[in-house]
Amino acid sequence: MSSEGSVKKDIDNLPPLEDYFTKESDLNSEQKIAASCLDENILVLAGAGCGKTKTIIARAQFLIENHTSAKDVHILTFTRKASAEIVQRVKTNLGEKAEGLKASTFHTWCMSLIRRSPDLFGCKDYSVIDREDQLSIFRFYRAASKFANNPEMPRALDLLDAYSYTRNVGGTFKQTLEKNHPSSLELFDEIKKIIIAFEKRKEESKYLDYDDILEVVANQIENHPKIRDWVASQQSYLLVDEFQDTNPLQWKLINPLIYKINLFCVGDDAQSIYGFRGADFENIHSFKDKIPNATILKLTKNYRSTQEILDLSNWLLDQSKLDYQKKLVAARGNGSMPELHTFLNEWEEASWIVEDLKSAFADGKKWKENMILTRAQFAARSVERGLIEAKIPYVFIGGRKILESGHIKDVLACLRVVANSKDDLSWMRFLKLFKGIGDVKAAKLLDQLASCIDIQDCIKTIKYDLSIPENVPRLLEVVSKTKTTKNAFRESVIGLSKILENKYKGSNWEKRIKDFPVVEQLTEKFNTILEFIEAYILEPIYETEGGIVPVKDYVTLITIHSAKGLEANRCYVISASQGVYPLARHLGEDREIEEDRRVLYVALTRAKDKLLITRSGNESAASMQKSKSDINDQYFFADLPDDLYENKDHRYKNNYEDIFEELDFISAKPSTNVDLE
DNA sequence: GGCAATCTCCTTTTT
DNA sequence: GGAGATTGCC
């Protein structure tokens with residue numbers, strides 16, 4: 001829709017704002033103005049806890065009630081969870097009228113455009129691959145390189161990251177390498193070969209990786225006016241959440257649509273934490289340069305936290321060289337002091353958290369009121385173990401995704417080869433499950449299968465090879481004859497159960513086995529296995545204890561990157577130790593340090609009533625080559641003012657043996673808080 | 001030679 | 001907890 005579709009034309013028909021908003025809500029005046037602003041392109045700068053989501057919901061409702069139909073509104077969010085919640089709340093408020101409202105991630109949005117018209121994007125019969133798959137391909141070609149053992153050859157993981165980063169920010173791959181792995185440049189010609197092989201392989205196997213999905217659409221929109229118009233016609237209002245975390249590739253998608261659709265972006269520069277993926281919060285500051293007629297609005301009142309929590313958060317930002325111009329003020333007034341708990345080691349830290357959760361529960365708090373925030377997945381492991389031992393129900397968001405766990409991938413490999421007999425990654429995985437088949441034999445068989453036209457043809461070829469266990473073709477036959485995805489999944493699980501039990505016995509088999517019925521249930525809604533896999537690669541769900549949502553009441557364990565937009569009454573920010581905030585390896589890199597600061601800021605500002613920060617021995621600091629004093633000097637909590645927190649040191653309540661073990665850590669000065677303060 | 005079992009090292013963050 | 005390297009077994 002062109003600019004006549006802008007809301008401006010309706011200005012005279014508006015109901016008085018007050019009347020309109022009394023329904024949904026307690027929006028404040030800033031939020032009301034943002035939700036109902038009639039300008040074509042709007043950027044809303046919103047501090048943490050200032051009601052961003054609420055404003056987006058109100059905006060969607062306002063548009064649907066006054067200007068357009070629900071199917072003309074599309075909301076771009078960061079996670080499946082956020083989009084589901086927004087749609088749900090609008091539907092609850094508006095009922096039938098909200099039918100057709102769409103909210104999705106950038107990736108799902110692009111993928112649905114591709115699926116609606118594959119030929120337009122040259123992507124007929126392509127299937128989506130996840131990061132693991134990409135990594136396998138990189139590993140394969142890296143291992144094949146003559147320089148595989150050269151110490152200057154980056155790891156497959158680094159090649160993938162550099163490749164993906166380049167595609168998200170633009171520029172050349174060489175420039176990215178120069179920045180992140182300068183010493184590898186001497187091998188650039190060899191590395192180039194690996195990249196070319198990777199791209200050729202994607203082409204041949206008809207794979208789309210995450211970046212392809214966005215880029216394919218972005219390129220077509222940019223280069224073909226007709227496609228641009230078609231995409232623009234799919235919605236007249238685009239609402240973009242978490243705008244500070246969009247990157248140049250995503251901007252390349254939105255930019256050509258400007259003045260064809262109405263754009264409403266919401267973001268907070270202080271919460272930009274996706275720099276590693278090419279996001280640059282400067283896109284907020286330069287919004288007006290990009291769109292000269294843009295209107296900039298602000299949400300400044302915090303409704304989430306009590307003032308003490310905000311004081312600490314404000315202080316953290318204030319210590320930065322950058323001027324975020326943020327001073328959050330609590331609409332709720334005062335509450336209790338944030339607490340900083342220090343432990344000898346991560347196990348004591350974890351067991352204290354478990355005990356504290358239990359006592360809060362005994363006081364009548366729900367498990368759901370608690371959120372445990374971690375910077376890195378692995379740092380949450382000891383806490384996770386504590387929760388399991390204490391039988392506290394929890395969900396780990398940002399942890400292992402259910403479709404990425406080994407046992408599920410094994411089953412899916414079987415389904416994938418049946419669905420797409422050209423999918424050699426899945427063939428390798430599937431074949432290697434069987435006794436007597438390793439890399440070598442699987443690769444040989446794949447060579448033979450290359451000339452097969454479909455799965456039946458493959459099965460024949462496999463049957464012919466007597467060195468292959470006969471249960472291989474038998475299982476493929478059974479699965480290929482099933483009529484529904486659910487049955488296909490079930491048959492694969494049955495056919496592989498013995499093998500899988502053997503493979504995973506001794507590593508949580510009892511727990512893993514519970515995932516099969518869960519995933520089987522998920523497949524039910526999909527017509528083909530490829531659709532199912534695609535949906536969950538683009539917007540994953542997470543492994544839990546015994547189900548998708550095991551019980552109604554559970555503790556949320558979550559990575560800070562996944563916690564954007566979320567909140568909880570009681571928040572534990574764990575392993576807030578030296579060498580973690582900022583990461584020791586970031587010392588000397590201002591950009592990285594500032595992003596670490598914002599990561600911590602996001603974590604602190606999730607808390608509504610109670611903020612509990614925990615830390616222990618400088619575990620990761622020790623392993624870095626940086627000097628201890630540097631790490632200490634730049635530690636964000638190195639000189640935290642006394643009046644901002646309550647100090648709780650648990651290090652001396654332990655038995656002496658523990659203390660002696662940690663002697664190095666506490667030796668220098670016999671006062672409390674050595675090294676950390 | 002090929003496969004399986006064992007040991008060691010590392011581990012930011014996500015679609 | 002998992003990937004990669006190494007050793008041991010057939």
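Nothing here was measured: the structure is a model prediction, and the numbers come from that model. Note on naming: letters A, B, ... go to the chains in the order of the sequence lines (proteins, then strands), and numbering restarts at 1 for each one.
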Taking the minimum atom-to-atom distance to the side chain of [X], which one of [options] wins?
| X | options | value |
| --- | --- | --- |
| A:H561 | B:dT15, C:dA3, B:dT13 | B:dT13 |
| A:F378 | C:dG2, C:dG4, B:dT11 | B:dT11 |
| A:D161 | B:dT15, B:dT14, C:dA3 | B:dT14 |
| A:E132 | C:dG2, C:dA3, B:dT15 | C:dA3 |
| A:R512 | C:dG2, B:dT15, B:dT13 | C:dG2 |
| A:S562 | C:dG4, B:dT15, B:dT14 | B:dT14 |
| A:Q377 | C:dA3, C:dG2, B:dT13 | B:dT13 |

Using a 4.0 Å heavy-atom cut-off, does [X] contact any base of the nucleic acid, only the sugar-phosphate backbone, or nothing at all?
| X | value |
| --- | --- |
| A:F106 | nothing |
| A:E539 | nothing |
| A:R155 | sugar-phosphate |

[N] [atom2] sits how many Å from [X] [atom1], rounded?
| X | N | atom1 | atom2 | value |
| --- | --- | --- | --- | --- |
| A:L135 | C:dG2 | CG | P | 14 Å |
| A:L557 | B:dT13 | CG | C1' | 15 Å |
| A:L157 | B:dC10 | CG | C1' | 11 Å |
| A:L76 | B:dT14 | CG | P | 20 Å |
| A:R142 | C:dA3 | CZ | P | 16 Å |
| A:L538 | B:dT15 | CG | P | 10 Å |
| A:I533 | B:dT15 | CD1 | P | 18 Å |
| A:D211 | B:dT14 | CG | P | 16 Å |

Requested in this report: May I ask you to verify if any side-chain N or O of A:T108 is less than 4.0 angstrom from the OP1 or OP2 atom of B:dT15?
Outcome: no
Query raised in the report: Does the side chain of A:L449 come within less than 4.5 Å of A:L446's, by heavy atoms?
Result: yes
Report task. Kindly assign one of parallel, tilted or perpendicular to the pair A:F434 and A:F430, based on the angle between their ring planes and the thresholds 30° and 60°. Result -> perpendicular
Query raised in the report: Which word best sums up how the rings of A:F138 and A:F198 line up, parallel for under 30°, tilted for 30 to 60°, or perpendicular for over 60°?
Result: parallel
Query raised in the report: Closest nucleotide of DNA chain B for A:K432 versus for A:I537: which of these residues is on the 5' side?
Result: A:K432
Query raised in the report: Do A:F78 and A:H561 have ring centres separated by under 6.0 Å?
Result: no
Query raised in the report: So, A:R615 and A:Y581: side-chain donor and acceptor under 3.5 Å apart, yes or no?
Result: no
